[in-house]
Amino acid sequence: MGSYADEENGNGLPNSPPNNSIFRYNSPLVQVCLIGLVCFCCPGMFNALSGMGGGGQVDHTASNNANTALYTAFAIFGILGGGIYNILGPKKTLFVGCSTYILYAGSFLYYNHHKHQAFVVVAGGLLGVGAGLLWAAQGAIMTSYPPHDRKGTYISMFWSIFNMGGVIGGLIPFVSNYNRTTAASVNDGTYIGFMVFMVIGTFLSLAILHPSKVIRNDGSSCTNIKYSSVSVELIQILKLFGNWKMLLMVPASWASNFFYTYQFNNVNGVLFNLRTRGLNNVFYWGAQMIGSVLIGFIMDYSFKSRKARGLVGIIVVGLLSTAIWGGGFAKQLTYSHDDVPNHIVLLDFKDGSKFAGPFVLYFSYGLLDAMFQSMVYWVIGALADDSEVLSRYTGFYKGIQSAGGAVAWQVDSHNVPFINQLIANWALTTISFPLLVALVVLAVKDDNKDEEGATKEVAITSNRDISTTVDYPNKE
């Protein structure tokens, strides 16, 4: 297996950082901000594109089929992504992952002119591969780089930067389609604008350092392993399916992308006209920034005990979830799938009180999404501190999450009643909370030193069982 000795001094002792500035290039803060900017440009723009409903198309069929291919591939490569990240390192993993976002946006530009689904669906499948790689790398960086007592703060900081991409991305279709109030697909300039940002994010990913080179202010490295091997990663990934901690997270993982289809297609895509959908997404992703900051504060500062902070955070999100889905249920009773073709008058942001209620509901869905996912990431980050272990945990989370997304897009494609989709989303999120409570009670420790030592011992033992202590060549 790779060297367990420190890269700088060769004796297995922690590095001493060159200085204590949090703004040095190899500090966790700078690296988390960089991955936030990468996600601002790529997944952030993808979120803005998806948030318009149907990928900006009047007919949602091509988008739904593309998203099914996307999330099916994502489910596989999300789980494998953590292992791939441990083998290739962040630069190669992120660069390949980001490049697939450009192709996906370009496929809708093509579809605007030719109306052929095949390219869009294939691009969606390739994006699923790339997204699995990107999000496994992102999860490992976001959960392992920060100090253990500030993971909620760093997660909220990442989430804010990332979702600013959705805010800016929402402005692109709002501005470029401002004068188009009737039902229509977005114009070419919208897709080109998304692609420009995605290209920038792809090259920005090359600035991310390997975790062995990122040094916290206490001198500790984010991992003692420089590079892993295929055999190690396959065995460790297979073990996740029997890991009780991961099994307790399955409902939360499944739910956390399952609700996007309903919210984007059947709330924003059904109730509002084209320009207003873009404006709504500005506020949807803006609400995510607010939600991530709120839950980050609770998870890091509400109580001295880390376990207590986790429990309070889960309870707060659970209560908010009940209130917001309850409001969504009340609104959903006022329209159905059969009303869409002829009877729904699309709302415009200038419609005053008629617009206000549905807008607040959609805004609240964004708030809940950020709080729910940030809470789950915090729980994952509390289970270990080493990047190698957390890359697998977050990869498993994203893989199950994407499997849920793949099913959700097909559920909508088969015209399942809106009310049934809402109830399924509400039930899935509700089931998640008691299981996450059990996970925090049983697995989250307040004494980080014991936990960290156990994590490293497990990693070292498992790797020694599989291979010898041979240094892998530096690949980045």
Side-chain angles (χ1 to χ4, degrees), residues 1-2 4 70-94 96-97 100 125 127-145 210-212 222-254 256-257 376-377 379-406 439 443 451 454-468 470 472 475:
M1 188 48 227
Y4 294 94
L70 191 165
Y71 285 104
T72 300
F74 197 167
I76 298 168
F77 281 86
I79 293 172
L80 297 176
I84 294 171
Y85 167 82
N86 287 338
I87 295 168
L88 297 180
K91 290 183 182 179
K92 293 177 182 177
T93 305
L94 287 169
V96 172
T100 60
L127 176 56
V129 175
L133 301 181
L134 183 147
W135 283 105
Q138 173 273 337
I141 292 168
M142 188 178 68
T143 56
S144 67
Y145 284 20
H210 188 274
S212 64
C222 297
T223 185
N224 287 329
I225 310 302
K226 293 180 185 178
Y227 291 96
S228 187
S229 68
V230 174
S231 60
V232 169
E233 293 307 321
L234 286 176
I235 290 173
Q236 293 304 318
I237 288 169
L238 287 174
K239 286 181 178 179
L240 294 176
F241 291 91
N243 185 323
W244 64 271
K245 299 175 187 177
M246 295 297 98
L247 295 179
L248 284 175
M249 291 188 59
V250 167
S253 303
W254 187 277
S256 57
N257 261 18
V376 174
Y377 270 118
V379 173
I380 294 173
L383 299 177
D385 277 311
D386 187 86
S387 174
E388 187 186 31
V389 175
L390 288 172
S391 67
R392 300 182 193 122
Y393 284 1
T394 54
F396 183 88
Y397 166 67
K398 296 301 293 187
I400 300 301
Q401 180 189 69
S402 302
L439 183 58
E451 174 188 285
T455 299
K456 290 181 178 178
E457 182 180 353
V458 169
I460 292 171
T461 301
S462 63
N463 289 323
R464 283 176 176 168
D465 288 341
I466 296 168
S467 57
T468 59
V470 178
Y472 287 93
K475 300 181 183 178

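- Using a 4.5 Å cut-off on side-chain heavy atoms (C-beta onward), Y85 and L94 make no contact.
- Residues satisfying the side chain to side chain donor-acceptor pair (under 3.5 Å) criterion with S144, sequence neighbours excluded, are absent altogether.
- To the nearest 0.5 Å, atoms CG (N243) and CG (L238) are separated by 12.5 Å.
- The structure places NE2 of H210 at 11.0 Å from NZ of K92, a figure rounded to the nearest 0.5 Å.
- Proximity of L134 to K398: side-chain heavy atoms (C-beta onward) are nowhere separated by under 4.5 Å.
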Yes or no on side-chain contact (heavy atoms from CB on, under 4.5 Å) for K239 and M246, after CA distance, side-chain angles and deciding distance?
-> CA-CA 10 Å; K239 286 181 178 179; M246 295 297 98; over 6 Å; no
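- Applying the side-chain contact (heavy atoms from CB on, under 4.5 Å) criterion to V96, with sequence neighbours excluded, gives L133.
- Legend: residues meeting side-chain contact (heavy atoms from CB on, under 4.5 Å) with A136, ordered by chain and number and at least two apart, are absent.
- Taking every heavy atom of both residues into account, G125 and A73 meet most closely at O-CB, 3.3 Å.
- In this structure the side chain of V129 never reaches within 4.5 angstrom of the side chain of T100, judged on heavy atoms.
- Listed by chain and residue number, M249, V376, L390, Y393, T394, Y397 satisfy the side-chain contact (heavy atoms from CB on, under 4.5 Å) test with I380 (two or more places apart in sequence, or in another chain).
- For the atom pair L80 CG and I87 CD1, the distance stands at 9.5 Å (nearest 0.5 Å).
- Listed here is the closest heavy atom pair of A443 and L383: CB-CD2, 3.7 Å.
- Under the side-chain contact (heavy atoms from CB on, under 4.5 Å) criterion, A75 pairs with S402, A403, not counting sequence neighbours.
- Scanning for side chain to side chain donor-acceptor pair (under 3.5 Å) contacts around Y71 gives an empty result, with sequence neighbours left out.
- The ring pair (Phe, Tyr, Trp, His ring centres under 6.0 Å) check on F396 picks up F241, with sequence neighbours excluded.
- With rounding to the nearest 0.5 angstrom, the CZ atom of F74 is 10.5 Å from the CD1 atom of I79.
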